[in-house]
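So that the names make sense, note that chain A is the first sequence line, chain B the second, and so on, each numbered from 1.
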Amino acid sequence: MHIVLPRDASLDGHLVDGAIGYLTLTTGIAFAAALAFLLAAIFFHRAHARRTRGQHTHGNRPRDRALMFTVALVMFVAIDVTLALRTSRDLESHFWRYPDADPNALRVEVTAQQWAWTFRTAGPDGRFGTPDDVVTLNELDIPVGHPIYLKLRSRDVVHSLYLPNFRTKIDAIPGMTTRIWFQATEPGRFEIACAQHCGVNHYKMRGLLTARLEPEYRDWLARAETDSRLRYDPAAPATTGAWDWETGK
Amino acid sequence: MSDREEIASAEGQNGEQEEIPPAPTGFLRRYVFSIDHKVIGRQFLFLGLGFLAIGGLMAMLIRWQLARPGAPVPIVGKLLFGPSGGVISPVAYTALFTMHGTIMIFFAVTPILIGGFGNFCLPLLIGARDMAFPRLNMASFWTMFAATAILTASFFVPLGPPEAGWTAYATLSTTIGAPGPGQTLWVVAIYLNGASSVMGAVNYITTVLRMRAPGMTYLRMPLTVWGFFLTSILNALFVPVLAAAMVLLFFDRVLGTQFFIAGTTPGAGGDPILYQHLFWLFGHPEVYILILPAWGIVGDLLAFFARKPLFGYRVTVGALIAVVVLSTVVYGHHMFTTGMSPLLGESFMLLTMIISVPTSLIVFSWLGTLWRGAIRMATPMLFCLGMVFTFGVGGLTGLYLADITADIYLHDTYFVVGHFHLIMASALLMSLFAAVYFWFPKMFGRMMNEGLGKLHFWLTFVPLNLVFMGQLVIGYEGMQRRLYDPSVYDFLKPLLPLNRGISHAAYLLGAAQLIFVVNFFGSLARGARAAANPWEVGTLEWTVASPPPHHNFDQIPIVVRGPHELSHPAARALGRDWLGQAEVIETVPAPEPTAPTSTEPA
């Protein structure tokens, strides 16, 4: 059996994999030690006759307590505190450091509904809700090497945008706007999933993310913009789901 | 103070023994509307075991669909899923996992553990004749019964049973996602279930505070009693929060309010996240509500069958109390992907991790108890040891979900499913079985079959770990929860053989429970008559006949020592290795210089 995480195509996914790896190593050691102790106790201290007696101790002596607290604290520091510090650093320097001021970031407004994703980028004018917006259904096309900055809303129930190959996930919640960012490091086609149970067809709420290198992405974008402009109809509800990126209005 | 002096002073305080009320004679009063905690305990036990079977069969159907998506279910398919030709439809699948979770947590484990064993054990273990409020106790059972009837009714209403998952997140659980009356019945059933729990909690707390036999100090209580006592405190504090969520959800569904509705209908200014806060403010303590009695039972039983006092009883009690306090401030780790504020997220992460300190102290107490014991491998002990193993895996995998970066990837995957099943369906189930095998003689006056019990253990323990560790693996590989057909996703297609393997292990696990059913009912009818104290332990319930008389104790015992006085040097003169909690021995010999003994009284 081959146990592997999905292929990591993201800039920061290795931090997630690192945290998971650290946990598997340290908790594995702790569990193996406890299990060895348990099996040894069963092996050496089994009653072989009804008359066998155990040791009469309540384990309330200071040295018993010192031992218990020492092992518990060593485990806490070695596993939990170490991990929490590492995670805190990663969150603040990567995952929660949104590219608000980054001119290279691709901004995408995501609208979730039962059971589809709508992705909207602002187009050349940089403003959402205008005729040059590029709107795609269940498909997200991104350039490699640029931060991709998503803001999400939902039109009905709670959904969760899940990108296994980018090690990230964020809920789309009616009535509020959530956000997430990631960056692709290689071109390819990757799956977009819904992770939060959102009704009977939750399992079909699948999308496709295509990451392209810069020149191919430019070509695709030019075609998509022309296409969007031709399709644009001010009377149709095609513009719904757009909001002003900064104010949320 | 010697035993004699202590008894004399206790008798002085106690004054005259209270009058013993006569046992009821009519059928209804004895078996149906009984106010006897032992009968009510058995009622809860049977109700819970029945729903455990139903919930388990639902799990089998879920596993069938994941092993062979879209294949007709053999044997029962035509009967259950006739309109779709025996195939589980997406609608049916959604209803199945919703009801599986709901039933297992609220209608199987809760009634068996808290209603069943809590009721049966508490008065007997603290030396009382009944609960503080026997009629409230009866009301608690019949409220639970009404809840089960309403939940069952939700299967047979137009638009079908509830489908919003056992967590029933808004807005999926409002009329936006679930227009049918099935979800409304679900809300009412959960509310009534909570009402039953609160009635029980008030009763258990009062009973432990007021009804302990003379000399039964808090630090002489069996850990089982501590477990039920602390659980009841959490129940009394946090089930009302769930009830509040249910009331608001009911208003949203029936009266057209918009507490949890936003962004969908114009002007809706509610907040779906408010539901999640309310649900998990209850929901995380709920995990401890269920595991605390299990920890208590396993702590007691490990000491009993290792023939050794519990290692670090006081540290363990302190750890249990610490867990209770901490359990109230960690629930946010269920909501890391809702975009909560960084400060809140990191606080919840750290608080969740701090819980691992008292939890590891509890595990060390178990390990220390086994070391240098004289371990008797009876069936209850096997299940306790199995519980220690699965709790280890389940507890440690919890750290992955406490850590925000790891959780952002693992949240809502099968890793979560595997983790909480290792706690709720493995550690908890193992301690339930340990409790059934251990107290069955006291409950029904007959012994269960040891050979079948051991076979049941091995055929449960092995497949159970395969199932839930397999779920950890497919979650690690990225598979989301609650997917009708994972093969919709290309990256999940290679997981089908593993899913199939998990399902086969699950079928074996399900089939093995038939051994338990045969053993349970066979022993009920024809088991060997149980002596008063078949396990040779010192807690109070084993001083009375099996099953106990209606009033439990002819004379309220006067407790002189802790619950785990096993391998006690003073018992050697009596030709055995244990001393009862209320047993008076004439001369307490000085501790032998060679044998290491405690420097403190237990």
What I want to check is whether the side chains of B:Thr338 and A:Asp171 have a donor and an acceptor closer together than 3.5 Å. no
Distance only, no hydrogens: is a donor on one side chain within 3.5 Å (strictly under) of an acceptor on the other, for B:Thr405 and A:Asp90? no
Is [X] reaching over with its side chain to a backbone N or O of [Y], donor-acceptor style, under 3.5 angstrom?
X	Y	result
A:Tyr162	B:Gly478	yes
B:Tyr400	A:Thr24	yes
B:Thr171	A:Asp156	yes

Using every non-hydrogen atom in the two residues, find where [X] and [Y] come nearest and quote the distance to one decimal.
X	Y	answer
B:Ala374	A:Gly54	CB-N, 3.7 Å
B:Met377	A:Ile42	CE-CG2, 3.1 Å
B:Leu370	A:Ala41	CB-CB, 3.9 Å
B:Tyr409	A:Lys169	O-NZ, 2.6 Å
A:Thr87	B:Met349	CG2-SD, 3.8 Å

Proximity breakdown for [X] and chain B, heavy-atom pairs closer than 4.5 Å:
X	result
A:Met75	side chain
A:Ala40	both
A:Leu83	both

Those residues of residues 184-197 of chain A that come under 4.5 Å of chain B on a heavy-atom basis, listed by number, are A:Glu191, A:Ile192, A:Ala193, A:Cys194, A:Ala195, A:Gln196, A:His197
Per-residue contact mode, B:Tyr169 against chain A (heavy atom under 4.5 angstrom): side chain
Among the listed options B:Leu172, B:Ile474, B:Thr94, the residue most often paired with chain A at heavy-atom distances under 4.5 Å: B:Leu172
Only one of B:Arg372, B:Lys308, B:Glu565 passes side chain to side chain donor-acceptor pair (under 3.5 Å) with A:His56; say which it is. B:Glu565
